[in-house]
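First comes the structure, then the notes that go with it.
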Amino acid sequence: MSESIATTTVPATPVETVIIGAGPVGLFQIFELGLLGIGSHIIDSLPQVGGQCTELYPDKPIYDIPALPICGAQELIDRLLEQAKPFHATFHLGQEVTEVQPLPDGKIHVATSAGTRLSAGAVVIAAGVGSFQPRRLALPGVEEFEGKSVHYRVKSASDFHGRDLVICGGGDSALDWTVALCEKARSLTLVHRRAEFRAAPATVARMRELVAAGKMQFVEGHTVALQIDNHTLTGVVLETNDGHRKLEVPAEQVLAFYGLHPKLGPVAEWGLELEKKALKVSTENFQTSVPGIFAIGDINTYPGKKKLILSGFHEAALAAFGIQHHLFPQKRQFLQYTTTSPIMQKRLGVAPVEAESP
Ligand SMILES: Cc1cc2nc3c(=O)[nH]c(=O)nc-3n(C[C@H](O)[C@H](O)[C@H](O)COP(=O)(O)OP(=O)(O)OC[C@H]3O[C@@H](n4cnc5c(N)ncnc54)[C@H](O)[C@@H]3O)c2cc1C
C-alpha cells in the first residue's frame, strides 16, 4: 500500500462496487449487479455516458444487438440507462479514475482527478479503449477552431446542413459522413492522401458516383493551412499529390476523421496483468489478476475475445456473479429468472405477475 493512500486526508466513501467507464458495457453492469441486489457507483472521464457509442458514432445504426434488429447507437445508450434506472447507481461524470489500489483490509481504494475517493468492495473496469482521443488536424492555429468549426466527430448532423464542408480522412467515418452529408451541405470536399480508402466498398462507390454527378469533389492530397477571416474559418488550403498544386477550397466547417489515438492512461499503472494493452481476465468471472478487480468489455482480453457490445453484456452478467461471490463468499449462489423471481421483480420495481386462473 502506498504512503499517499495511507495518509490521505480526504476520507473515502465506502461503497459496494465501483464501475470505471460508462460505455454500453459499464452501463449494463449496473443492471446485472442490481439484479443481484448489489449497488454501484459509476465513473467516466467524459462528461456524458455512452462511451464509444455516444462519442464516436451516436447517429449510426447498430444491427447486432439481440432482439433489436436496428438500434441507433445513442438509442442503445438511452435504453441501457432506462433499464438500469431502478438500481439508482451514483454517476460521477467528467472525472478520470487515476488510482485503483487494493488495501490490506480487502477493500479497493479508487480516486479520481476530481478528488472523489471511494473505498469499494469490488471494482469493475469497463474502460473500453481507455481514454481515447481523436488524432487532431495538425495545422497552425487549429486550436482556436476546435469544437466550433473544426470537429473530430459529428454530434448533430444538422450542424453541417447548408454549409461549405471539408471532410478529411479515408476510413469508414470519413466516407459515411461524406455520403450522408453530400446533398445536405452547400459544398463538400473530401480530402484524402491516397486514392484508396479503408471504407466499405459500397460507400466508396457511392462517393465516386457523387463526384461524377458534380455534387462534391474529391482531392487526393492533404491540408496545409486554414484560411481565416476575422477569427472566422472561411476555407482550407490543400496540396494535391499530382504535381503538388495548391488548392483553396471554401470551408465553414471541417470534419477530420484521422482515427483514434487510444491512450490506455492510468489503467496501465494499476499493477494488473496486461496483454497487448488489454487486461487479462478469467472467463469464469472476468476477474483480473487482482482479486476483487474485474474487467469487462473492450478493455479485457482472453482467448477468443471479440470486441463486441454483445460480448461485453455476457461478461457483465458473469462478472456480477463473480462480484457477488467476492463480496459475500458464504452466500449460496443460484440462478433466478427475472420472469419468475419475486425478489428480482421487487428490485426492478415491477409488480409480480399473478398466474392467470383457469
Ligand atoms: C464506428 C464504430 C462502430 C461500431 N459498431 C459496432 C457494432 O455495430 N456492434 C458492436 O457490437 N460493436 C460496435 N462497435 C464497438 C463497440 O462500440 C465497442 O465494443 C463498445 O463501445 C465497447 O464498450 P465498453 O463499454 O467496453 O467501452 P467504451 O464504449 O469504449 O466505453 C469506455 C468508457 O470508459 C471511459 N474511461 C476509460 N478510462 C477511464 C478512466 N481512467 N477513468 C474514467 N473513465 C474512463 C471512457 O471515457 C469511455 O466512456 C463499434 C465501434 C466503432 C468505433
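Atoms within each ligand, like the ligands themselves, are counted from 1 in listed order. As the structure is a computational prediction, the values presented were derived from the model and not from experiment.
Taking a cut-off of under 4.0 Å to the non-hydrogen atoms of Q95, the atoms of ligand 1 that pass are 43 (C). The ligand atoms of ligand 1 that sit less than 4.0 angstrom from a heavy atom of V25 are 23 (O), 24 (P), 25 (O), 26 (O). Interface of K307 with ligand 1, defined as ligand atoms under 4.0 Å from a residue heavy atom, comprises 19 (O). Applying the 4.0 Å criterion to heavy atoms of G21 picks out, from ligand 1, the atoms 33 (C), 34 (O), 35 (C). Contact atoms of ligand 1 toward I62: 7 (C), 8 (O), 9 (N) (distance under 4.0 Å to a heavy atom of the residue). Heavy-atom proximity to G51, at under 4.0 Å, picks out these atoms of ligand 1: 29 (O), 31 (O), 48 (C), 49 (O). Atoms of ligand 1 lying under 4.0 Å from any heavy atom of L46, numbered from 1 in the order shown and given with element: 47 (O), 49 (O).
Contacts between Q52 and ligand 1 below 4.0 angstrom, taking non-hydrogen atoms only, involve backbone and side chain alike. If you look at I309 next to ligand 1, the close heavy atoms, those under 4.0 Å, come from the backbone and the side chain alike.
Taking distance alone, with nitrogen or oxygen atoms compared against 3.5 Å, L56 stays at or beyond that limit from ligand 1. Taking distance alone, with nitrogen or oxygen atoms compared against 3.5 Å, D64 approaches ligand 1 more closely than that limit. Residue-to-ligand polar distances place Y57 within reach of ligand 1: an N/O pair is separated by less than 3.5 Å. Taking distance alone, with nitrogen or oxygen atoms compared against 3.5 Å, V97 approaches ligand 1 more closely than that limit. Residue-to-ligand polar distances keep V267 apart from ligand 1: every N/O pair is separated by 3.5 Å or more. The shortest N or O to N or O distance between K60 and ligand 1 is not under 3.5 Å. Remark: ligand 1 and W270 share no N or O pair separated by less than 3.5 Å (distance only, no angle test).
No continuous path of hydrophobic side-chain contacts links V154 to V150 [ILVMFWY only; heavy atoms under 4.5 Å].
You'll find the ring centres of H151 and F160 inside the 6.0 Å limit. The distance between the ring centers of F197 and H192 falls below 6.0 angstrom. Taking the six-membered ring wherever Trp is involved, the centroid distance between the rings of Y152 and F257 does not fall below 6.0 Å. F313 has its ring centre less than 6.0 Å from the ring centre of F28.
Pairs of residues two or more places apart, or lying in two chains, that qualify as side-chain hydrogen bond (donor to acceptor under 3.5 Å, both in side chains) and include a residue from residues 72-82 are T54-Q74, Q74-D78, E75-R79.
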Q: Test side chain to side chain donor-acceptor pair (under 3.5 Å) on D44 and Q95 and set out the steps.
A: CA-CA 6 Å; D44 205 296; Q95 35 190 306; over 6 Å; no
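No donor-acceptor pair under 3.5 Å is formed between the side chain of D298 and the backbone N or O of V129.
When G23, A127, S45, G26 are ranked by how near their heavy atoms come to atom 43 (C) of ligand 1, first place goes to S45. With atom 49 (O) of ligand 1 as the reference point, the heavy atom nearest to it among V129, D44, L264 is part of D44. Nearest-heavy-atom check against atom 23 (O) of ligand 1 across P24, A22, G297, C71 picks out P24.
Residue G130 places a heavy atom under 4.0 Å from ligand 1. Ligand 1 lies within reach of A126, whose nearest heavy atom is under 4.0 Å from it.
A donor-acceptor contact closer than 3.5 angstrom links the side chains of E99 and H109. In summary, the side chains of E273 and S289 do not present any donor paired with an acceptor at a separation below 3.5 Å, with no hydrogens or angles considered. Between the side chains of S45 and E96, no donor N or O sits under 3.5 Å from an acceptor N or O.
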Would you list the atom pairs, donor with acceptor, under 3.5 Å between side chains in residues 170-180 and any protein atom, with sequence neighbours excluded?
| from | atom 1 | to | atom 2 | distance (Å) |
| --- | --- | --- | --- | --- |
| D172 | OD1 | A200 | N | 3.1 |
| D176 | OD2 | K60 | NZ | 2.3 |
| T178 | OG1 | A174 | O | 2.6 |

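Between L310 and D64 the shortest side-chain heavy-atom distance does not fall below 4.5 Å.
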